[in-house]
Amino acid sequence: MKKRFLLGTLFSCTVLLAACGGGDQTTDSTGTEGNASNSEQVFNVAVPQEMPSADLSIARDTISFTALNNVYEGLYRLDADNKPIPAGAAEMAEISEDGLTYTFHLREDAVWSNGEPVTADDYVTGWQRTVDPKTASEYAYLYAPVANAEKITAGEADVSELGIEAVSDYELKVTLDVATPYFDYLLAFPSFFPQNKAIVEEKGDNYAQTSDDAIYNGPFVLTGFDGPGVDTEWGYEKNDDYWDAENVKLEQINVTVVKESATGLNLFQDGALDDVTLSGELAQQNASNPDYVVDKESRTSYLALNQEASDSPFRNINLRKAISYAIDRESMVKQVLGDGSVASTTIIPEGMSFDPDNNKDFVEEAAADLSYDPEKAKEYWEKAKSELGIDSLEVEFLADDTDSVRAVSQYVQGALQETLDGFTVKLSVVPISVRLDRQQQEDYDIVMGGWGADYADPSTFLDLFTTEKSTGRGKWSNAEYDALMKEAATTNATDPSARWKNMLDAEKILMDDMGVVPVYQRASGHLRAEKIQDVVVHGAGASYDYKWASVK
């Protein structure tokens with residue numbers, strides 16, 4: 001395969017890598033910066049799912065965050081090395097010695113797509129709206145480091161007490177409850193972006209329900225979006241009011257939902273699409289195609305086992321272990337996916353976070369055992385049946401309706417039924433918006449879930465399984481685990497070595513107890529046209545790097 005720039009996202013914290021076959025990766029933009037192509041600057045891309053939400057406070061998935069990162073901008077964005085740099089802020093924040101107070105000076109030339117200035121009040125509005133319990137944002141938990149955020153989300157304080165203050169139109173002060181080593185990364189994440197108060201109030205319940213029901217401050221504006229969870233086509237159009245519009249090379253990005261790899265392949269071959277995702281046999285068949293590239297993501301797909309009810313069979317540790325040992329992850333990623341995904345060895349993806357003392361990968365140091373062992377699976381299943389007083393068990397398996405997730409779910413279904421005598425799995429395949437809603441409501445027995453890193457730190461995964469944040473992920477609970485993660489976030493927040501050990505110890509508890517069943521670290525195989533190799537870059541949280549992305 002040819003060398004290509006690979007799409008990397010902070011929310012999936014993609015590991016940048018050269019395409020298979022060798023060659024050095026480069027992030028040099030020479031030849032495109034300030035040098036617009038003669039080609040029409042239009043990029044046509046396929047995505048596997050409808051967009052569940054275009055609301056910054058409500059968004060909770062990859063498709064939505066990709067869109068929002070292209071049409072909005074926060075205080076910071078990420079550079080080619082995934083490091084935070086000023087965006088809506090004119091410069092990096094002034095930080096107090098204790099690490100608790102951040103003072104930002106905003107760009108005075110930043111405006112909304114209706115021409116109004118982006119001010120400090122817009123950040124106050126966005127942040128307060130996201131933590132407001134009335135909004136019911138699933139991402140409000142990310143605000144935990146901000147002063148009073150947890151009290152507000154718990155309904156114990158008013159949103160006005162959140163640690164954010166508009167000192168003036170272009171000066172913003174943020175106060176934290178605890179120094180947070182990854183806070184700069186959060187400021188580049190969509191949940192922390194500004195929202196225009198006048199538009200929020202004017203639109204009311206219709207705010208951000210369509211592309212016309214919001215205004216934007218990013219390099220692009222959202223167009224043609226007719227509603228969450230239903231629209232199969234939308235776009236991003238160059239925002240002429242953007243403060244750095246002269247460096248935005250792309251004029252239009254057209255997005256089409258394509259759930260079947262075969263359909264995507266046909267559209268690519270017909271020239272209707274410039275980038276499509278392939279999986280399974282089609283990915284393997286096209287592996288030698290010069291247009292084929294693999295994007296490796298810091299995203300783990302896992303099985304959540306619903307332990308909410310007091311009589312849930314999944315509260316039995318032997319049942320959970322039986323399920324894990326029954327899955328041949330290596331065969332699955334090679335034979336079923338074939339798109340570069342790798343078997344998980346822990347809930348944390350490899351290539352994302354490294355020991356502050358020796359720079360070893362977290363995955364290497366964790367050394368969890370997620371091996372395939374059908375004999376152990378049967379042994380644990382027999383123990384589980386005896387302890388539960390059952391001879392058989394029938395469960396529903398909830399999954400998305402895309403080609404790749406459907407195929408993996410069918411594989412897992414077969415593996416469990418073939419290995420565990422008397423274990424019956426009924427597969428329920430639904431659109432992503434339905435799966436997300438049902439998962440959040442714990443309306444499933446087993447669900448194929450997934451999580452991409454919001455920032456480059458193990459806590460972005462490990463925090464999900466603390467008791468207070470485990471809704472939608474099975475409701476597993478362990479007091480020792482909770483204590484370790486709390487210590488990492490408070491007592492040891494500014495002690496990198498001690499904090500790292502806290503997280504390693506917590507991960508061991510999670511995996512030993514099989515509180516969640518990791519399956520694979522996602523990658524995606526793409527057919528990507530030569531002419532757009534400079535469009536699909538590392539991105540800033542899944543945005544196209546407007547400073548030099550262009551069609552050849």
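Sequence positions, counted from 1, serve as the residue numbers for this chain.
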Practice task
Might you point out which heavy atoms bring Gly525 and Tyr292 nearest each other, and give the distance in Å?
Solution key: CA-OH, 3.3 Å
Exercise for the section: In plain terms, say whether Arg528 and Asp275 are close enough for a salt bridge, that is, a side-chain N and a carboxylate O under 4.0 Å apart. Expected result: yes
Problem - Shortest non-hydrogen contact from Ala283 toward Gly338 - result: CB-O, 3.5 Å
Exercise for the section: Return the orientation label for the Tyr141 and Tyr139 ring planes: parallel under 30°, perpendicular over 60°, tilted otherwise. Expected result: tilted
Practice task
Step through it carefully: locate the ring centre of Tyr123, locate the ring centre of Phe192, and say whether they are under 6.0 Å apart.
Solution key: no
Problem - Within 6.0 angstrom of Lys173 NZ, more than 12 heavy atoms from elsewhere - result: no
Problem - Greater than 12 external heavy atoms within 6.0 Å of Glu281's CD - result: no
Completion exercise
Only residue of Arg406, Arg435, Lys259 satisfying salt bridge (charged side-chain N to carboxylate O under 4.0 Å, His left out) with Asp401 is Lys259
Handout entry: Ser57 vs Gln195 side-chain heavy atoms within contact, under 4.5 Å
Key = yes
Problem - Non-hydrogen side-chain atoms of Val276 and Val258 separated by less than 4.5 Å - result: no
Problem - Sidechain-backbone polar pair: Ser353 side chain, Phe362 backbone, donor-acceptor under 3.5 Å - result: no
Exercise for the section: List the steps and the verdict of side chain to side chain contact (heavy atoms under 4.5 Å, CB included) for Leu464 and Lys469. Expected result: CA-CA 5 Å; Leu464 301 174; Lys469 298 172 184 174; 5.7 Å; no
Practice task
Run the salt-bridge test on Glu350 and Lys296 with the 4.0 Å N-O cut-off and return the result as yes or no.
Solution key: yes
Practice task
Verify the distance criterion only: is there a donor paired with an acceptor across the side chains of Gln521 and Arg299 at less than 3.5 Å?
Solution key: no
Practice task
Give a yes or no answer on whether the side chain of Glu50 reaches the backbone of Pro431 with a donor-acceptor pair at less than 3.5 Å.
Solution key: no
Practice task
List the atom of Ser341, the atom of Val333, and the distance in Å for their closest heavy-atom pair.
Solution key: O-CB, 3.5 Å
Exercise for the section: Dump the intermediate steps for side chain to side chain contact (heavy atoms under 4.5 Å, CB included) on Gln335 and Gln284, then the final yes or no. Expected result: CA-CA 9 Å; Gln335 299 174 15; Gln284 296 171 44; 5.6 Å; no
Exercise for the section: Would you confirm whether Ser64, through its side chain, and Ala59, through its main-chain N or O, come within 3.5 Å as a donor-acceptor pair? Expected result: no
Handout entry: Any donor-acceptor N/O pair, Asp79 side chain to Lys83 backbone, under 3.5 Å
Key = yes
Exercise for the section: Check whether any side-chain heavy atom of Gln209 sits under 4.5 Å from a side-chain heavy atom of Pro228, and report yes or no. Expected result: yes
Problem - Minimum heavy-atom distance between Phe225 and Ala54, given as atom pair plus value - result: CE2-CB, 3.7 Å
Practice task
Please assess Leu436 against Asp61 for the test side chain to side chain contact (heavy atoms under 4.5 Å, CB included), listing each intermediate value before the final yes or no.
Solution key: CA-CA 9 Å; Leu436 287 169; Asp61 68 285; 4.0 Å; yes
Problem - Nearest-0.5 Å distance that lies between atom CG in Asn239 and atom CG in Asn70 - result: 12.0 Å
Handout entry: Note, Leu527 side chain near Asn286 side chain (heavy atom, < 4.5 Å)
Key = yes
Handout entry: Minimum heavy-atom distance between Gly340 and Val294, given as atom pair plus value
Key = CA-CG1, 4.0 Å
Exercise for the section: Say whether, by atom type as modelled, one donor and one acceptor occur between the side chain of Asp339 and the main chain of Ser524 under 3.5 angstrom. Expected result: no
Handout entry: Check against side chain to side chain contact (heavy atoms under 4.5 Å, CB included), Glu201 and Tyr207
Key = CA-CA 8 Å; Glu201 293 179 346; Tyr207 175 67; over 6 Å; no
Handout entry: Distance (rounded to the nearest 0.5 Å) between His526 NE2 and Asp274 CG
Key = 13.0 Å
Practice task
Without swapping roles, check the side chain of Thr210 against the backbone of Asp212 for a donor-acceptor pair under 3.5 Å.
Solution key: yes
Exercise for the section: Ignoring hydrogens and angles, state whether a donor on the side chain of Ser404 or Arg522 is under 3.5 Å from an acceptor on the partner side chain. Expected result: no
Practice task
Determine, for Trp451 and Arg473, whether the Lys NZ or Arg CZ falls below 6.0 Å from the six-membered ring centre while staying within 45 degrees of the axis.
Solution key: yes
Practice task
Could you tell me whether a side-chain N or O of Ser261 sits under 3.5 Å from a main-chain N or O of Ser279, the two making a donor and an acceptor?
Solution key: yes
Practice task
Report the residue from Val159, Val131, Thr135 that forms a side-chain contact (heavy atoms from CB on, under 4.5 Å) with Thr153.
Solution key: Val131
Handout entry: More than 12 heavy atoms of other groups within 6.0 Å of Lys203 NZ
Key = yes
Problem - Side-chain donor or acceptor of Thr175 paired with backbone N/O of Gly163 under 3.5 Å - result: no
Practice task
For Thr460 and Asp454, indicate whether the former's side chain and the latter's backbone hold a donor-acceptor pair under 3.5 Å.
Solution key: yes
Problem - Distance, nearest 0.5 Å, that separates OH of Tyr520 from OG of Ser344 - result: 9.0 Å
Practice task
Answer yes if the ring centres of Phe220 and Tyr242 are under 6.0 angstrom apart, and no otherwise.
Solution key: no
Practice task
For Thr402 and Asp400, test the side chains for any donor-to-acceptor distance below 3.5 angstrom and give the result as yes or no.
Solution key: no
Practice task
Calculate, to the nearest 0.5 Å, the distance between atoms CD and CD1 belonging to Glu364 and Ile348 respectively.
Solution key: 15.0 Å
Handout entry: Residue pair Phe65 / Phe189, side-chain heavy-atom distance below 4.5 Å
Key = yes
Practice task
Would you mind reporting whether Phe193 and Asn217 have side-chain heavy atoms less than 4.5 Å apart?
Solution key: no
Practice task
Please check if any side-chain donor atom of Trp243 sits under 3.5 Å from a side-chain acceptor atom of Glu73, or the reverse.
Solution key: yes
Exercise for the section: Any chance you could measure Glu171, atom CD, to Phe104, atom CZ, to the nearest 0.5 Å? Expected result: 11.0 Å
Practice task
Test Val124 against every option in Ile164, Leu162, Val174, Thr119 by the side-chain contact (heavy atoms from CB on, under 4.5 Å) rule and name the one that passes.
Solution key: Ile164
Practice task
Compare every heavy atom of Ala179 with every heavy atom of Leu100, then report the nearest pair and how far apart it is.
Solution key: CD2-N, 3.3 Å
Practice task
Decide yes or no for Glu94 and His105: does some side-chain heavy atom of the first lie under 4.5 Å from some side-chain heavy atom of the second?
Solution key: yes
Practice task
Decide whether Asn254 and Asn44 meet the rule of one side-chain donor and one side-chain acceptor closer than 3.5 Å.
Solution key: yes
Handout entry: Passing candidate, side-chain contact (heavy atoms from CB on, under 4.5 Å) with Leu75, options Leu186, Leu187, Asp184
Key = Leu187
Handout entry: Trp112 and Tyr216 aromatic centres sub-6.0 Å
Key = no
Handout entry: Distance in Å, Ile58 CD1 paired with Ser191 OG, rounded so as to fall on 0.5 Å steps
Key = 10.0 Å
Exercise for the section: Please check if any side-chain donor atom of Thr125 sits under 3.5 Å from a side-chain acceptor atom of Asp122, or the reverse. Expected result: no
Handout entry: Identified side-chain contact (heavy atoms from CB on, under 4.5 Å) counterpart of Ile215 within the set Leu222, Val71, Val221, Asn196
Key = Asn196
Handout entry: Flag side-chain contact, heavy atom, 4.5 Å: Asp169 against Pro117
Key = no
Practice task
Spell out, as yes or no, whether a donor-acceptor pair under 3.5 Å connects the side chain of Thr256 to the backbone of Glu233.
Solution key: no
